[in-house]
Amino acid sequence: MPEMPEVETTRRDLEGRVVGRTIADVRVAPGAPQPQAPLTPEQLREAVAGRRIEDLDRRGKYLIMALSGGLFLILHRRMTGNLILREAGVPPERFLRGVLVLDDGTELRWEDQRKFGRWVLTDDLAGALRGLGPEPLAETWTSADLAATLAGRTAPIKAALLDQRRVAGLGNIYVDEALHAARIHPERPAGSLSEDEVRRLHAAIREVLEKAIRLQGSSARHHVGGLGQRGAMQEQWRVYDRTGEACYSCGTPIEKTRVAGRGTHLCPRCQPYATAGER
DNA sequence: CGTTACCTGAAA
DNA sequence: TTTCAGGTAACG
């Protein structure tokens, strides 16, 4: 579900409304599994109740709540998780799993149909995020950095881009979109891209992610922002979920295959496997 | 490295 | 009934 733009949307929606508030209570929906992996709900309540939310940050697809006393509550929405700020009394969401009740009575609600989402409470933020690759929208992330992390790799470029250690925040939708925008076949060995192809890919990744953030993410199915609103990026997809429809660039029907274990969409004409001159 | 498991529901 | 779903950890 959420990739980096969806998580960033949530962060921007919530930042000004929850930073400075104190967590008054933690509730777990009756009968629902605990939203956080290593802690019981009682231990979580014990640990965070009374703490002030000092900051709301993001790294890759992780949402990071900095709490007073040097604790960090790190949330990963995985496939179907949403974090939504609601007034008390608003009827519960169908897949509500847990609630952080704030000191003004508003509720930070965690809904998660498939229950893959994870909460981690730690005082070692760097340790918890160790191994995450660079932020693709950081000014310091260059085309040369992308080339370096792809160099020598034989895995499909799509698999390399989904690997959070190489670049943080890309997922299935935006990898397909970026590869299409860069006119690169998803099964090309990562290390085989030319300098120009890497430059195009670097630019395409940024353009796709920036546009997705502007449009508050893709609401394919589950994603909603921090105020419960849907995103609009799904209306701008050029290949994702467009199997059989005409490519906007050349009219060729979009194909769907399987790469790196994931449904993969591409235009076979705009993204030929063989580069010019080969074969 | 690719595949499977983790869950639940919607759609084919 | 079967397949698929925005992610990732564990497995072989």
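The sequence lines fix the lettering, A, B, ..., with proteins before strands; numbering per chain opens at 1.
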Flag as yes if A/F95 stacks onto the base of B/dT8 (centroids under 5.5 Å, planes under 30°), otherwise no. no

Quick one: A/K115 NZ to B/dA5 C1', roughly how many Å, whole number? 15 Å

Of the options B/dG9, C/dA5, C/dG7, whose atoms approach the side-chain atoms of A/R114 most closely? C/dA5

For C/dA5, take OP1 and OP2 only and decide whether either is under 4.0 Å from a side-chain N or O of A/H222. no

Taking for each residue the nucleotide of DNA chain C with the nearest heavy atom, is it A/Q113 or A/Q164 whose nucleotide lies nearer the 5' end? A/Q113

What's A/G261 touching, base or sugar-phosphate or nothing? Going by heavy atoms closer than 4.0 Å. nothing

How many Å lie between CZ on A/R118 and P on C/dA10, as a whole number? 11 Å

Contact class for A/R165 (heavy atom, under 4.0 Å): base, sugar-phosphate, or nothing? nothing

Output the rounded distance in Å from CG (A/N82) to P (B/dT8). 17 Å

Salt bridge or not for A/D176 and A/K158, using N-O below 4.0 Å? yes

Pick base, sugar-phosphate or nothing for A/P156, based on heavy-atom distances below 4.0 Å to the nucleic acid. sugar-phosphate

Assigning hydrophobic clusters by single linkage (Ile, Leu, Val, Met, Phe, Trp, Tyr; side-chain heavy-atom cutoff under 4.5 Å), is A/L179 placed with A/I254? no

Under 4.0 Å between a side-chain N or O of A/R262 and OP1 or OP2 of C/dG7? yes

Would you indicate what A/A220 reaches in the nucleic acid, counting non-hydrogen atoms under 4.0 angstrom: base, sugar-phosphate, or nothing? base

Whole Å only: how far is the CD atom of A/Q234 from the P atom of C/dA5? 17 Å

Looking only at the side chain of A/F116 (C-beta and beyond, no hydrogens), which of the listed nucleotides C/dC4, C/dT8, B/dC7 gets closest? B/dC7

Has A/K256 got a side-chain N or O lying under 4.0 Å from the OP1 or OP2 atom of C/dA5? yes

Pair A/R109 + A/E93: basic N to acidic O under 4.0 Å: yes

Measure NZ/A/K61 against P/C/dA9 and give the value in whole Å, please. 10 Å

To the nearest Å, give me how far apart CG (A/L132) and P (C/dT8) are. 9 Å

Does B/dA12 pair with anything, Watson-Crick or G-U wobble, both distances under 3.5 Å, and if so, with which nucleotide? C/dT1

Say you pick atom P in C/dC11 and the same atom in B/dC7; how far apart are they, in whole Å? 15 Å

What's the closest nucleotide to the A/A155 side chain, out of B/dA10, B/dC1, C/dG7? B/dC1

Cation over ring, A/R77 on A/F116, under 6.0 Å and within 45°? no

Donor-acceptor side-chain pairing of A/Q113 and A/H222 below 3.5 angstrom: yes

Can you check the A/D241 CG to B/dA12 P distance for me, whole Å? 10 Å

Whole-Å distance separating the CZ atom of A/R77 from the P atom of C/dA5: 19 Å

Is A/R97 close enough to B/dC7 that one of its side-chain N or O atoms is under 4.0 Å from OP1 or OP2 there? no

Measuring from the side chain of A/R153 (C-beta onward, heavy atoms only), which nucleotide among C/dT8, C/dA5, B/dC1 has the closest atom? B/dC1

Salt bridge present between A/E15 and A/R17 (N-O < 4.0 angstrom): no

